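Numbers restart at 1 for each chain; the letters A, B, ... are given by sequence-line order, proteins then strands. The analysis underlying the following values was restricted to heavy atoms, covering all of them including side chains, and did not include hydrogens, waters or symmetry mates. In this text, all values refer to a predicted model and were calculated from it rather than measured experimentally.
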2 protein chains.
Amino acid sequence: MAAKIIAFDAPKNSATKERILDAAEALFMEHGFEATSLRQITATAGVNLAAVNYHFGSKEELFQAVLTRRLDPMNQERIGLLTRFEREAAPRALSCERILAAMFIPALRLARDRRRGGKDFLRLLGRAYADPAPFIRQFLSEQYAVMISRFKAAFGRALPQLPKRELSWRLHFVMGALSYTLAGTDALKLIAELNPRDTHNDETLLRRLAPFLVAGLKAPLPDLVELDGENVAQARIR
Amino acid sequence: MAAKIIAFDAPKNSATKERILDAAEALFMEHGFEATSLRQITATAGVNLAAVNYHFGSKEELFQAVLTRRLDPMNQERIGLLTRFEREAAPRALSCERILAAMFIPALRLARDRRRGGKDFLRLLGRAYADPAPFIRQFLSEQYAVMISRFKAAFGRALPQLPKRELSWRLHFVMGALSYTLAGTDALKLIAELNPRDTHNDETLLRRLAPFLVAGLKAPLPDLVELDGENVAQARIR
DNA sequence: GAATCACTTAAACGTTTGTTTGAATTCTAG
DNA sequence: CTAGAATTCAAACAAACGTTTAAGTGATTC
């Protein structure tokens with residue numbers, strides 16, 4: 001009798017790992033890494049406290065596992081999409097818009113699909129970006145290294161007139177705006193009285209972001225910028 | 001004799017508060033709010049553990065005090081600068097470049113001046129942006145509300161053809177790129193093999209960021225954007 | 001010179017933290 | 001059916017946490 005009840009609410013096989021990952025993802029997103037306790041996670045997942053250390057080794061390794069589960073496939077998808085777009089456009093070089101699309105679409109898919117983490121995961125990712133914990137920074141570096149260099153090369157071909165140094169910076173700005181936007185912190189609520197229906201409609205969000213970023217990428221070089229007969233450097237001096 | 005020694009290393013008056021704020025600022029920046037303990041802070045500051053609760057009430061209130069000390073003057077300076085620029089340009093409307101300059105310059109001054117917190121504080125601010133803790137979010141909202149609405153109005157005059165909804169979004173992107181950039185997380189190190197001399201040269205950094213953002217603000221509206229005869233929405237569908 | 005003040009101090013408060021242990025249980029083969 | 005590996009479990013671990021307390025200090029005020 002007791003066995004039947006157990007069969008109901010206790011997943012016999014190692015779906016335990018999945019349940020822990022799901023609970024950890026939601027809680028890390030909501031409270032951050034440090035502020036989330038293993039007891040909260042295991043209670044939410046409905047598993048024993050020791051399960052985390054048994055399956056993942058430590059809290060830090062659990063956090064990395066939470067990120068890897070979503071991030072690795074997403075970045076793989078980005079690279080795959082970029083390659084496909086390039087093949088389709090060959091022999092012409094890919095436009096900035098298409099390259100950005102290759103970055104956005106996998107993120108959008110992830111945000112849309114609750115089974116893949118949904119918006120919660122992107123917010124968690126946004127948090128992780130700003131986290132100075134060494135183990136997080138190093139982990140993200142490794143996760144992103146291949147994808148970033150791949151996209152940088154693509155943008156380099158799309159913007160051949162742009163010096164590489166400048167491209168590096170602008171790509172950095174792009175990543176900043178993108179992660180800040182996708183993270184969807186409530187900070188934006190103070191910037192805009194946004195239409196509530198818009199607030200988390202990720203598609204329209206990215207469709208607004210894309211032209212903004214493309215224009216930024218194609219902007220004239222800093223030295224040549226004119227502004228009311230005065231450049232920013234001059235404006236800086238009181 | 002003992003009195004003399006005490007006079008040396010123990011500030012008799014309430015410079016204790018300042019020492020706590022300084023230590024807390026550095027440690028919060030390095031480890032985040034949750035991961036920083038009051039014992040670390042008081043040990044670094046060379047004061048008694050109970051001093052934090054005596055002078056600030058709680059750890060949360062200390063964190064807010066750390067932010068307020070720098071943030072409030074900076075935003076005041078931003079508003080003041082914007083007002084001055086507007087007077088100087090009158091009756092002509094202010095250009096986007098000048099408005100952005102009014103946002104950047106006070107941040108730049110803060111980043112430059114170690115006595116005002118320097119880059120460390122901006123990194124702390126970048127972290128706080130991404131923190132979901134309610135007391136942090138609400139605090140930042142209150143701190144930024146006035147400044148943001150002021151700048152939004154200014155941009156509205158500079159870009160009269162841009163719908164307000166669109167402006168809200170773009171201002172959000174601007175804040176994202178700016179905070180991400182100023183926070184200067186090491187995440188950028190994986191994006192660019194940047195010249196080490198450039199890496200934290202905030203002035204050149206902002207001079208690169210400004211044209212990028214201005215171009216983004218002036219970008220054509222999303223619906224009208226063309227890209228290789230295909231728009232982003234269409235590209236989205238596999 | 002006693003009283004009052006702002007402040008500092010050491011010690012302890014009760015919780016909560018991540019991790020470990022060793023026995024119970026379940027699953028997997030031979 | 002049984003031996004053995006894999007997993008779950010309750011319990012306990014030491015350590016660290018934010019906060020509070022009550023005594024103590026030294027200067028200021030009446």
* Rounding to a whole Å, what distance do you find between B:F56:CZ and D:dT20:C1'? -> 18 Å
N/O contacts under 3.5 Å, protein versus nucleotides 16-19 of chain D?
| unit_1 | atom_1 | unit_2 | atom_2 | d |
| --- | --- | --- | --- | --- |
| D:dC17 | OP1 | B:S37 | OG | 3.1 |
| D:dG18 | OP1 | B:T36 | O | 3.4 |
| D:dG18 | OP1 | B:K59 | NZ | 2.8 |
| D:dG18 | OP2 | B:L38 | N | 2.9 |
| D:dG18 | N7 | B:R39 | NH1 | 2.7 |
| D:dG18 | O6 | B:R39 | NH2 | 2.8 |
| D:dT19 | OP2 | B:N53 | OD1 | 3.4 |
| D:dT19 | OP2 | B:K59 | N | 3.0 |

* Asked: Expressed in angstrom and rounded to an integer, what is the separation of A:R19 atom CZ from D:dT7 atom P?
  -> 16 Å
* Residues that A:E166 engages under side-chain hydrogen bond (donor to acceptor under 3.5 Å, both in side chains), provided they are two or more places apart -> B:R208
* Near-ring test B:F139/B:Y144, centroid separation under 6.0 angstrom -> no
* To do: Sequence neighbours left out, what pairs pass salt bridge (Lys or Arg N to Asp or Glu O under 4.0 Å) with at least one residue falling in residues 24-41 of chain B?
  => B:E25-B:R69, B:E25-B:R70
* Structure fact -> Whole-Å distance, A:H55 NE2 to D:dC9 C1', equals 12 Å
* Does a nitrogen or oxygen in the side chain of B:N48 sit under 4.0 Å from OP1 or OP2 of C:dC7? -> no
* Could you tell me the separation between the OH atom of A:Y54 and the C1' atom of D:dA10, rounded to a whole number of Å? => 17 Å
* Asked: Tell me, which pairs form a side-chain hydrogen bond (donor to acceptor under 3.5 Å, both in side chains) where one or both residues lie in residues 41-52 of chain A, sequence neighbours left out?
  -> none
* Asked: How long is the line joining CG of A:L27 and C1' of C:dG18, in whole Å?
  -> 16 Å
* Using the salt bridge (Lys or Arg N to Asp or Glu O under 4.0 Å) rule, collect all pairs that involve residues 42-61 of chain A, keeping only residues at least two apart or in two chains. => none
* Asked: For B:D72, which residues count as a side-chain hydrogen bond (donor to acceptor under 3.5 Å, both in side chains) partner, sequence neighbours excluded?
  -> none
* **A:T16 side chain near D:dT8 phosphate (N/O to OP1/OP2, under 4.0 Å)** => yes
